[in-house]
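Comments concern the structure below.
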Amino acid sequence: MRHPNFELTLEFAREMDEKDPLKGFRNQFFLPKKKGKEALYFCGNSLGLQPRTVTTYINKDLKKWANQGVEGHFEGEVPWVDARKPSKSHLAALLGAKTEEVVAMNSLTVNLHLLLVSFYRPNGKKYKILTESGAFPSDQYVLESQLKYHGYDPEEALLEVSPRPGEHILRTEDILQKICHYKDDLALVMMSGVQYYTGQCFDMKAISREAGLHGIKVGLDLAHAIGNVPLSLHDWGVDFATWCSYKYLNAGPGNVSGVFVHQKHGNDPEIPRFAGWWGYLEESRFEMKKGFLPMQGADGWLLSNDPVLGLGALQASLDIFSAAGLENIWTKSELLTGYLEFVIRETIGSRDVLQIITPSKPKDRGCQLSVLIPEGGKEIVEKWTENGVVVDWRKPNVVRLAPVPLYNTFQEVFAFSKILQASLT
Ligand SMILES: *Cc1c(COP(=O)(O)O)cnc(C)c1O
């Protein structure tokens, strides 16, 4: 947000922190240290911090396992057969989905393959897939290998929307125009919600609408979107989506992903899928009968029994999101990211040393700013690192900074301005 009253002073940053309705939440996380001092951790886009309550949540099930063994599956406050259930309403709130449209399971890349089995259904001339150029490598490999699996040549069947020459971010009109232009060839539009490299938040509503008009399925990879930007997957008519829980969701390294399957598909048992016993009608799952009958909703895509310990860590964080309130998070995110943008611009002044490539309109981004440093970027960022800043450098010349509303502060952003200043002299 272009806040007219932003000031590059410690007093201003202090005052903003004082007024912040989420100020108490920082203490609910462990803050990494560098050289004995609290780090300036701007890397929640890569790995969210650990909620202090995680061990309590996991210990409950460790104790249950120790004391009850196998009976834990059917006993206790949340029997392990139901372990995924408490997370559903929380995930639905974050995604703008109905509870039955979401379920936590597997990991992101695995889920993407499973969802494509169901929703990438090439038919005659309509077999191409459209995605953004420079998509996250795992997503590129998924699309490439799925196309080959169906007998197509990715060189020809995978279309990309690219930024215009000299630009870094995609224009919504170019995405929509490309969908419309290739409407007779496309079976699927598969994009990220927030682009991992540029931090651009795509207009998911407009993209879903345009694709829907032409009978093209839309899938979203929400790795950088969930917990970062408001989403309304149900109302937008997105067909399917997946995400990971270890970035903005703070659920811990490699922890459980999840899928969204829109209600319009969720109750159709005829949709082809790779099935497993946990997706079978739960009333009669343990009758162990032949012939797969899926549960209703996203649960019908489950394969395996729930990863109980991982779900405990996820729940610890989801409960923090609920306590903080999503509106409060989005409001602070806009202010804090706006402040970082202001601070960077003020600090560099008229020097041409770096360029923020993330869109400056709040609706077009979350809390990540991607900064392009055309020359000597690696050395500059090393100076930040020596001074306790945790960020991530992406070859060839972009550094990503994410001030996360749940645990970062305005004073940290101010402190960064001093480090930035020193690194440029
Ligand atoms: C982080 C990320 C992944 C990671 O995939 P995993 O299967 O969890 O290893 C995939 N895609 C995108 C867009 C990501 O940002």
Side-chain angles (χ1 to χ4, degrees), residues 10 13-14 16-17 20 22-59 194 196 199 223-224 226-228 243-256 309-310 312-321 323-324 329 332-333 336-337 339-340 343-344 366-371 377-395 398-423:
L10 182 58
R14 262 200 203 123
M16 290 299 282
D17 285 332
D20 172 14
L22 299 182
K23 67 183 168 198
F25 284 87
R26 177 176 171 85
N27 289 332
Q28 300 199 21
F29 293 88
F30 287 107
L31 301 156
K33 296 212 160 74
K34 298 257 279 189
K35 298 183 190 154
K37 274 180 43 190
E38 230 165 54
L40 288 180
Y41 193 83
F42 294 133
C43 220
N45 57 321
S46 188
L47 186 74
L49 294 182
Q50 183 186 150
R52 290 179 179 269
T53 46
V54 160
T55 36
T56 316
Y57 281 66
I58 295 181
N59 276 340
V194 173
Y196 84 100
H224 283 264
I226 191 167
N228 181 24
W243 56 88
C244 54
S245 64
Y246 48 82
K247 292 172 180 167
Y248 297 104
L249 288 193
N250 313 314
N255 203 356
V256 62
L309 302 179
L314 174 65
Q315 195 62 42
S317 177
L318 292 176
D319 285 343
I320 293 176
F321 273 89
I329 294 173
K332 178 176 173 188
S333 178
L336 190 61
T337 311
Y339 191 53
L340 177 61
V343 156
I344 293 173
C367 69
Q368 170 187 319
L369 293 183
S370 300
V371 177
K378 203 154 189 302
E379 291 70 38
I380 291 174
V381 172
E382 269 162 20
K383 290 188 200 162
W384 302 356
T385 309
E386 282 162 22
N387 286 286
V389 182
V390 183
V391 286
D392 83 356
W393 173 252
R394 288 286 127 154
K395 286 178 186 168
V398 161
V399 60
R400 305 182 298 171
L401 298 112
V404 173
L406 273 176
Y407 47 75
N408 285 123
T409 66
F410 290 86
Q411 286 171 81
E412 286 181 299
V413 171
F414 178 77
F416 174 68
S417 73
K418 300 287 174 205
I419 295 168
L420 172 61
Q421 177 74 276
S423 72

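Residue indices begin at 1 and follow the sequence shown.
Distance alone, capped at 3.5 Å, is enough to place a donor-acceptor pair between the Lys332 side chain and the Pro405 backbone. Asn255 contributes no side-chain N or O that, together with a main-chain N or O of Tyr246, makes up a donor-acceptor pair within less than 3.5 Å. The backbone N or O of Tyr196 lies less than 3.5 Å from a partner atom in the side chain of Gln368, making a donor-acceptor pair. The backbone N or O of Leu249 sits less than 3.5 Å from a side-chain atom of Ser317, completing a donor-acceptor pair.
Cys43 SG to Lys247 NZ: the interatomic distance, rounded to the nearest 0.5 Å, is 11.0 Å. Atoms OG1 and CD, on Thr55 and Gln50 in that order, are 6.5 Å from each other to the nearest 0.5 Å. Atom OG1 of Thr53 is separated from atom CG of Asn59 by 11.5 Å, given to the nearest 0.5 angstrom. The CD atom of Glu386 sits 11.0 Å away from the CD1 atom of Ile419 when rounded to the nearest 0.5 Å. Rounding to the nearest 0.5 angstrom, the gap separating the OH atom in Tyr248 from the CZ atom in Phe321 is 10.5 Å. Taken to the nearest 0.5 Å, the CZ atom of Phe416 stands 10.5 Å off from the CG atom of Asn387.
Pairing each heavy atom of Ile226 with each of Cys244, the nearest pair is CG2-O, 3.8 Å. For the pair Asn45 and Asp392, the tightest heavy-atom approach, listed with the atom from each and the gap, is ND2-OD1, 4.3 Å. For the pair Gly44 and Val404, the tightest heavy-atom approach, listed with the atom from each and the gap, is CA-CG2, 3.9 Å. Annotation for Val194 and Gly199: closest pair CG1-O, 3.7 Å, computed over non-hydrogen atoms. When all heavy atoms of Thr337 and Cys367 are compared, the pair lying nearest together is OG1-CA, 3.2 Å. When every heavy atom of Phe414 is checked against every heavy atom of Ala13, the shortest pair comes out as CB-CB, 3.9 Å.
Taking the centre and axis of the six-membered ring of Phe410, the NZ or CZ atom of Arg14 falls outside the cone set by 45° and 6.0 Å.
Under the 4.5 Å side-chain criterion, counting only non-hydrogen atoms from C-beta, Trp384 is in contact with Leu401. Looking at heavy atoms from C-beta onward, Asn250 lies in side-chain contact with Tyr407 at the 4.5 angstrom threshold. Val391 places a side-chain heavy atom less than 4.5 Å from the side chain of Val381. The shortest distance between side-chain heavy atoms of Leu47 and Pro253 falls below 4.5 Å. Here the side chains of Phe42 and Val390 are not in contact, with every heavy-atom distance at 4.5 Å or above.
Counting heavy-atom neighbours within 6.0 Å of Lys418 NZ, excluding the residue itself, gives a total of 12 or less.
Sorted by first and then second residue, the side-chain hydrogen bond (donor to acceptor under 3.5 Å, both in side chains) pairs with a member in residues 22-36 read Glu18-Lys23, Arg26-Glu38, Arg26-Glu412; sequence neighbours excluded.
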If you apply the rule side-chain contact (heavy atoms from CB on, under 4.5 Å), what do you find for Asn408 with Val413, and how did you get there? CA-CA 8 Å; Asn408 285 123; Val413 171; 6.0 Å; no
Should Thr385 and Trp393 be marked as a side-chain contact (heavy atoms from CB on, under 4.5 Å) after you check the CA-CA gap, both sets of side-chain angles, and the distance that decides it? CA-CA 11 Å; Thr385 309; Trp393 173 252; over 6 Å; no
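Between Lys378 and Glu382 there is a salt bridge, since a side-chain N of the basic residue sits under 4.0 Å from a carboxylate O of the acidic one.
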